[in-house]
Amino acid sequence: MTGAGLKGRGVMRISTWNVNSIKQRVGHLTAFLGEAKPDVVCLQELKCQDESVPRAEIEAAGYRVETLGQKAYNGVALLVRRPLALTEVRRGLPGDEADVQARYIEGLVAGEGVAPVRVASIYLPNGNPVASEKFPYKLAFLERLRRHARALMDAEVPLVLAGDYNVIPDPEDAADPEAWREDALFRPESRAAFRSLLAEGLTDALRACDPRAGVYTFWDYQAGCWPRNQGIRIDHLLLSPQAADRLVSASVQKHLRGLEKPSDHVPVTVELLDG
DNA sequence: ATGCCTCCCAAAGGGAGA
């Protein structure tokens, strides 16, 4: 038996995936659940309301589902593989009561013989165009996330902040960094805010496990970006010290970008010791 | 290149994404 079962001392697999419409991608999603058997999945860009999420298919694959949906845009979810439990679900990122965009859901994952882990699914604002109100909204969201991460980390429960950050951390995370120079994903302000988040003591799991250049998680649908491997790394799993101590591996499920009707993002998965 | 592609809503083409 693999994954976080009843015995513990195995690994817990946690994946993040921007599916670009849960209704369009439910087939790819259930195939991924069946083949990768992640214990927790953080989804972004559901692009539908809670009642339209194809819950039955996901539950039939063996998962509990908690969502924060929104009509047409945004939307995030946490999937937890039974018999693991998901409690203390929080919807929305604190720090701005006026923010109605569905971009954050967190919960506590626990099971018999499995050390509890707090997991968040995050869909950070894109922030373009930089001259619009969208860019300061993005930067403010990153600052709210930093403050909330600090508060959560005080509890010293292993914490995984996973999602589509819409931030290219470093030039080696883009095939053509010069093309992104003025973009909200790569602007110095965005990168600095991301670094401030890391400076709270978080570890970029994929960077830690695979420091090479050219590890991407997104390829634009346009201009043959996928066949030309013109990708960027913007989907991240950030680990608190207690989670980083348990880190075994981090990997990108790149093959899913080659399917028919793919998302433009692919899953990223970490394995953490579960006991 | 204000594009290129995909998805949304809504019933055509505009908005959003990154």
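Numbered from 1 within each chain, the chains take letters A, B, ... in sequence-line order.
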Electrostatic pair A:Asp50:A:Arg55 at N-O distance under 4.0 angstrom: no

P atoms of B:dA10 and B:dT6, separation to the nearest Å: 23 Å

Atom-pair distance (NZ on A:Lys47; C1' on B:dG15), nearest Å: 10 Å

Separation between the C1' atoms of B:dA12 and B:dA1, rounded to whole Å: 24 Å

Options B:dG17, B:dA10, B:dC4, nucleotide nearest the side-chain atoms of A:Lys71: B:dA10

Donor-acceptor pair present, A:Asn166 side chain and B:dA18 base, under 3.5 Å: no

Distance-only polar pair, side chains of A:Asn166 and A:Tyr123, donor-acceptor under 3.5 Å: no

A:Ala223 vs A:Phe218, nearer the 5' end of DNA chain B by closest nucleotide: A:Ala223

A:Lys134 side chain near B:dG17 phosphate (N/O to OP1/OP2, under 4.0 Å): yes

Among B:dG17, B:dC9, B:dA18, the one nearest A:Tyr221 by side-chain distance: B:dG17

Of A:Asp220 and A:Gln24, the one whose closest DNA chain B nucleotide lies more 5': A:Gln24

Short N-O contact, A:Glu200 and A:Arg146, less than 4.0 angstrom: yes

Distance below 4.0 Å between A:Arg25 side-chain N/O and B:dT6 OP1 or OP2: no

Inter-nucleotide C1' distance (B:dG14, B:dG3), Å rounded: 16 Å

Geometric class of the A:His236/A:Phe194 ring pair [parallel <30°, tilted 30-60°, perpendicular >60°]: tilted

Same-atom distance (P) from B:dC8 to B:dT2, integer angstrom: 26 Å

For atom CG of A:Asn20 and atom P of B:dA18, their distance in whole Å: 8 Å

Closest to the A:Tyr73 side chain, choosing from B:dA18, B:dA16, B:dC4: B:dA16

Protein-nucleotide distance (A:Glu178, atom CD; B:dA18, atom P), rounded to Å: 22 Å

Polar side chain donor-acceptor pair, A:Glu271 to A:Thr269, under 3.5 angstrom: no

Pair A:Arg191 + A:Asp170, salt bridge at N-O below 4.0 Å: yes

Distance, rounded to the nearest Å, where A:Lys23 contributes NZ and B:dC8 contributes P: 7 Å

Note: A:Arg91-A:Glu66 ion pair, threshold 4.0 Å (strictly below): yes

Touch class at under 4.0 angstrom, heavy-atom based, for A:Asp164 against every strand present: sugar-phosphate

Between B:dG17 (C1') and A:Ile234 (CD1): distance, integer Å: 10 Å

Given B:dG17, B:dC8, B:dC7, the nucleotide with the shortest approach to the side chain of A:Tyr123: B:dG17

Short side-chain N/O contact to B:dA18 OP1/OP2 from A:Asn18, under 4.0 Å: yes

B:dA18 OP1/OP2 closer than 4.0 Å to side-chain N/O of A:Asn126: yes

Residue-phosphate contact under 4.0 Å: A:Ser21 side-chain N/O, B:dC8 OP1/OP2: yes

Nucleotide B:dG15, atom P - distance to CD of A:Glu133 in whole Å: 14 Å

A:Lys261 side chain, from C-beta outward: closest of B:dC7, B:dG17, B:dA18: B:dC7

Presence of A:His265 side-chain N/O under 4.0 Å of B:dA18 phosphate oxygens OP1/OP2: yes

Value in whole Å for how far the C1' atom of B:dA16 lies from CG of A:Asp264: 12 Å

Atom-to-atom span, CG of A:Asn74 to P of B:dC7 - whole angstrom: 17 Å

